[in-house]
Amino acid sequence: QVQLVESGGGLVQAGGSLKLSCAASGRALSSYAMGWFRQAPGKEREFVAAITRGGGNTDYGDSVKGRFTVSRDNAKNTVFLLLNVLKPEDTAVYYCALTSSDYTPRGVGSYDYWGQGTQVTVSS
């Protein structure tokens with residue numbers, strides 16, 4: 001059984017930064033691509049970023065490209081998401097997820113395991 005636990009969320013002013021972490025247990029993350037998604041109240045879960053197993057390739061959603069950075073430390077079994085230049089519209093619960101895909105899929109259905117999420121709130 002895989003467990004993914006996100007941390008690092010919080011309240012930040014617009015223009016600020018946060019760094020989210022996703023720690024895994026029960027499985028070696030080095031064997032899996034990982035993704036980050038977010039969901040705001042009343043909206044569908046949205047793709048944010050993904051990274052391949054070795055970290056050599058990444059993909060970002062259009063709304064965060066150039067502001068967010070996904071990375072991973074396989075030795076620590078952890079994936080990170082650095083959020084820069086935050087905007088109020090970035091407010092959401094952020095989830096990490098694990099996929100067996102060889103690439104960086106954007107679809108929610110391509111991911112096999114999910115964390116419980118961490119709240120990010122950006123004030124204007």
Side-chain angles (χ1 to χ4, degrees):
Q1 186 74 10
V2 179
Q3 281 196 319
L4 302 174
V5 179
E6 302 94 336
S7 61
L11 174 63
V12 63
Q13 288 189 328
S17 299
L18 283 173
K19 187 172 185 179
L20 308 183
S21 299
C22 172
S25 60
R27 202 73 65 91
L29 284 190
S30 58
S31 299
Y32 301 94
M34 297 293 294
W36 285 95
F37 290 76
R38 67 186 182 185
Q39 190 165 19
K43 295 189 176 181
E44 291 187 352
R45 195 162 293 192
E46 174 190 18
F47 172 77
V48 174
I51 187 167
T52 49
R53 298 170 187 172
N57 287 290
T58 56
D59 187 27
Y60 295 92
D62 291 343
S63 61
V64 306
K65 197 172 296 185
R67 299 188 297 123
F68 291 9
T69 303
V70 60
S71 61
R72 65 192 300 158
D73 185 341
N74 286 338
K76 295 183 178 180
N77 231 30
T78 303
V79 179
F80 304 98
L81 185 67
L82 177 62
L83 292 64
N84 286 327
V85 196
L86 281 161
K87 305 175 182 180
E89 51 264 43
D90 294 319
T91 295
V93 177
Y94 283 70
Y95 300 89
C96 67
L98 176 153
T99 176
S100 301
S101 171
D102 290 335
Y103 301 101
T104 52
R106 294 189 171 199
V108 170
S110 295
Y111 289 80
D112 306 299
Y113 293 96
W114 294 81
Q116 293 299 306
T118 185
Q119 176 72 47
V120 171
T121 303
V122 185
S123 63
S124 56

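What you see is a predicted model; the values in this text were computed from it and never measured.
- Taken to the nearest 0.5 Å, the CZ atom of F80 stands 13.0 Å off from the OG1 atom of T69.
- Here the CG-NZ distance, from L82 to K19, works out to 6.5 Å after rounding to the nearest 0.5 Å.
- Scanning for side chain to side chain donor-acceptor pair (under 3.5 Å) contacts around Q39 gives R45, with sequence neighbours left out.
- Between the side chain of D112 and the backbone N or O of S100 there is at least one donor-acceptor pair closer than 3.5 Å.
- Checking side-chain atoms of N74 against main-chain N and O of R53 turns up a donor-acceptor pair under 3.5 Å.
- Looking at D102, its side chain never comes within 3.5 Å of a backbone N or O of A33 through a donor-acceptor pair.
- Residues satisfying the ring-ring contact (aromatic ring centres under 6.0 Å, His included) criterion with F47, sequence neighbours excluded, are F37.
- A donor-acceptor contact shorter than 3.5 Å is absent between the side chain of E6 and the backbone of C22.
- With T99 contributing its side chain and S110 its backbone, the two residues share a donor-acceptor pair below 3.5 Å.
- Listed for the R72 side chain is a donor-acceptor partner under 3.5 Å among the backbone atoms of T52.
- At distances below 3.5 Å, at least one donor-acceptor pair connects side-chain atoms of N77 with backbone N or O atoms of A24.
- Distance alone, capped at 3.5 Å, is enough to place a donor-acceptor pair between the Y111 side chain and the P105 backbone.
- With side-chain heavy atoms closer than 4.5 Å counting as contact, directly or through intermediates, V5 stands alone and belongs to no larger hydrophobic cluster.
- Legend: salt bridge (Lys or Arg N to Asp or Glu O under 4.0 Å) pairs involving residues 28-40, not counting sequence neighbours, sorted by first then second residue: R38-E46, R38-D90.
- Under the 4.5 angstrom side-chain criterion for Ile, Leu, Val, Met, Phe, Trp and Tyr, the cluster partners of Y60 are V2, L4, V12, L18, L20, L29, Y32, M34, W36, V48, I51, V64, F68, V70, V79, L81, L83, L86, Y94, L98, Y113, V120, V122.
- Listed by chain and residue number, T78 satisfy the side chain to side chain contact (heavy atoms under 4.5 Å, CB included) test with A23 (two or more places apart in sequence, or in another chain).
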